[in-house]
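First the structure, in the form of structure tokens, and then the observations on it.
When reading the values below, keep in mind they use all heavy atoms of this one structure, side chains included, and skip hydrogens, waters and symmetry mates. Everything numeric here is computed off the predicted structure, so don't read it as measured data.
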Amino acid sequence: MSATLGKGLWTASLLLALSLVCGFLTAAGNSYYAGRDFECFYQAGRIALDGGDPYDQAQYEAATGHIRARLANDIAPCGPRNPYPPWTTLLFTGLATLGLPLAATLWATLLIASTVLGIGWSWQLAGHRVPWPVIAALVVLTEPFMLALSQGQFGGLYFALTAGTALWLRERQSLRAGVALAGLALKPQTALVSGPVLLGFAVRDRQWRVLIALVAAFLAALAASLLIRPTWLVPWVAAPSELREAAIIRNTTWDLATSLGSWTFGIAIIALLLVVVVLLVRGRRTQWTDLVGLGTAFSVVVAPYAWVHDFMILAIPWSLTLARATELRPARRRMLAFATLFVAGLLFWILEVLIVVARVDKSVLALMPMITTLLLALAIRWATESATIRKTPEVT
């Protein structure tokens with residue numbers, strides 16, 4: 001066994017062991033997610049395991065009725081039916097073969113391990129220009145991570161899949177990139193822009209093996225779900241709109257627009273943001289990681305439904321913004337770094353206080369991915385200007 005392989009196995013074993021311990025402590029500390037988001041997923045898996053249909057409203061509401069009774073009236077738990085794709089339901093069908101405590105422990109372990117890997121991969125994406133403890137702080141000390149972990153949500157897994165796909169595309173590791181890209185379909189509403197962007201890079205670079213791996217992984221998952229119940233696809237397509245109608249607490253651009261008078265204002269908000277970003281980066285020399293970061297942030301901006309825990313993937317554009325800031329002159333570097341750290345950390349909590357104290361609508365949190373997008377676009381513009389200045393010879 002080579003020294004490199006031995007070191008890799010040791011690192012993987014250590015990560016697994018620590019994640020398992022932290023996963024148990026997290027799951028136990030959150031009552032094994034009883035009455036929380038994870039139990040909604042778990043109950044969908046149990047319905048399917050028992051031969052039922054988690055996309056049938058009556059069956060799903062009956063299975064999750066005890067969860068609904070525990071929660072406050074201003075929270076719409078679980079939705080009227082399972083909102084996740086059939087292939088995602090299969091994942092929880094496997095976990096549903098276990099008791100809730102063990103299933104919750106394994107799920108929390110996966111989320112923690114994914115978060116650690118996502119931090120490492122984001123650090124590599126940023127070209128090691130940002131110290132990894134800073135990236136770790138951007139992830140674990142922010143509200144999205146804490147909320148995702150306390151509810152057993154997908155945040156850490158989605159964060160790792162997005163960062164991993166981007167990194168493996170750059171390193172031309174086709175099989176890993178294709179499978180990870182297919183994994184974004186587990187919760188597709190937060191990859192509506194980043195998914196096509198990553199796929200576009202694979203096509204541009206003629207990494208056809210990525211496409212083969214992507215199609216093979218997706219078709220295998222689709223075929224498995226259709227074999228179990230061919231009718232699952234139709235009600236799942238309708239689930240997002242039903243979930244939006246049922247939920248009261250949401251954090252999307254569309255909810256922000258609705259609070260301003262009409263959801264159609266969301267189109268104008270997104271269009272205006274896109275115009276500003278284009279004006280900022282127009283004529284600038286963008287790196288491919290810049291486009292990954294913008295695509296990731298914009299995915300959250302246009303998501304049809306999302307909650308704060310989905311904002312974990314914003315750690316990718318935050319990291320890339322700080323990486324770009326290292327190319328700037330001191331004043332601008334400090335300004336951009338402070339703004340990014342403020343948005344990632346304090347601003348979340350300030351808005352939460354305003355929501356409670358001043359009764360500001362929770363949709364105001366939809367501003368976070370918009371601000372993140374603008375900060376990265378501004379970093380691209382300033383970094384390009386700085387590079388131009390450095391290359392221009394001085395006139396004596």
Could you tell me if the side chain of [Y] sits less than 4.5 Å from the side chain of [X], heavy atoms only?
{"X": "V139", "Y": "M312", "value": "yes"}
{"X": "Y42", "Y": "Y32", "value": "no"}
{"X": "P304", "Y": "L192", "value": "yes"}
{"X": "Y55", "Y": "T89", "value": "yes"}
{"X": "V134", "Y": "L322", "value": "yes"}
{"X": "E327", "Y": "R324", "value": "yes"}
{"X": "I355", "Y": "L365", "value": "yes"}
{"X": "L314", "Y": "P369", "value": "yes"}

Minimum heavy-atom distance [X]-[Y], with the two atoms named:
{"X": "S319", "Y": "V130", "answer": "O-CG2, 3.8 Å"}
{"X": "I316", "Y": "T162", "answer": "CD1-CG2, 3.7 Å"}
{"X": "A344", "Y": "T142", "answer": "O-CG2, 2.9 Å"}
{"X": "T190", "Y": "Y158", "answer": "OG1-CE2, 3.2 Å"}
{"X": "R206", "Y": "R172", "answer": "O-NH2, 4.4 Å"}
{"X": "L222", "Y": "W87", "answer": "CD1-CZ3, 3.7 Å"}

Ring geometry between W307 and H309 (parallel below 30°, tilted from 30 to 60°, perpendicular above 60°):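 The rings of H309 and W307 lie parallel, inter-plane angle below 30°.
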Over 12 non-hydrogen atoms of neighbours within 6.0 angstrom of CZ in R204: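 Counting other residues, nucleotides and ligands, CZ of R204 exceeds 12 neighbours.
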Whether over 12 other heavy atoms sit under 6.0 Å from R209 CZ: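 Atom CZ in R209 is not crowded, with 12 or fewer foreign heavy atoms closer than 6.0 Å.
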Under a 4.5 Å side-chain heavy-atom rule over Ile, Leu, Val, Met, Phe, Trp and Tyr, are [X] and [Y] clustered together?
{"X": "V197", "Y": "L211", "value": "yes"}
{"X": "V203", "Y": "L184", "value": "yes"}
{"X": "L320", "Y": "M335", "value": "yes"}
{"X": "W132", "Y": "L125", "value": "yes"}
{"X": "L18", "Y": "V21", "value": "no"}

Can any side-chain N or O of [X] pair as donor or acceptor with the backbone N or O of [Y] at less than 3.5 Å?
{"X": "D205", "Y": "Q207", "result": "no"}
{"X": "D290", "Y": "I380", "result": "no"}
{"X": "T326", "Y": "R129", "result": "no"}
{"X": "T372", "Y": "A297", "result": "no"}
{"X": "S262", "Y": "T264", "result": "yes"}
{"X": "R381", "Y": "L280", "result": "yes"}
{"X": "D310", "Y": "A306", "result": "no"}
{"X": "T253", "Y": "V301", "result": "yes"}

Audit row: T258, D255, side chain to side chain donor-acceptor pair (under 3.5 Å) steps and yes/no: CA-CA 5 Å; T258 300; D255 301 307; 5.2 Å; no
Can the ring centres of [X] and [Y] be said to be less than 6.0 Å apart?
{"X": "F342", "Y": "F348", "value": "no"}
{"X": "W254", "Y": "Y305", "value": "no"}
{"X": "F92", "Y": "W107", "value": "yes"}
{"X": "Y84", "Y": "W232", "value": "no"}

Approximate separation, where rounding is to 0.5 Å, of [X] [atom1] and [Y] [atom2]:
{"X": "D50", "Y": "Q59", "atom1": "CG", "atom2": "CD", "answer": "10.0 Å"}
{"X": "L117", "Y": "L15", "atom1": "CG", "atom2": "CG", "answer": "5.5 Å"}
{"X": "I371", "Y": "M368", "atom1": "CD1", "atom2": "CE", "answer": "6.0 Å"}
{"X": "W318", "Y": "L138", "atom1": "CH2", "atom2": "CG", "answer": "7.0 Å"}
{"X": "F38", "Y": "L111", "atom1": "CZ", "atom2": "CG", "answer": "8.5 Å"}
{"X": "S225", "Y": "L90", "atom1": "OG", "atom2": "CG", "answer": "5.5 Å"}

Q173-R176 side chain donor-acceptor pair, cut-off 3.5 Å: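 Per modelled atom types, Q173 and R176 side chains form a pair under 3.5 Å.
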Ionic contact status for E61 with R81, cut-off 4.0 Å: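 Looking at R81 and E61, the cut-off is not met.
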Worked check of side-chain contact (heavy atoms from CB on, under 4.5 Å) between F298 and I270: CA-CA 9 Å; F298 223 85; I270 293 171; 3.9 Å; yes
R332/R329 under side-chain contact (heavy atoms from CB on, under 4.5 Å): CA gap, chis, key distance, verdict: CA-CA 6 Å; R332 286 185 170 181; R329 289 172 292 179; 3.6 Å; yes
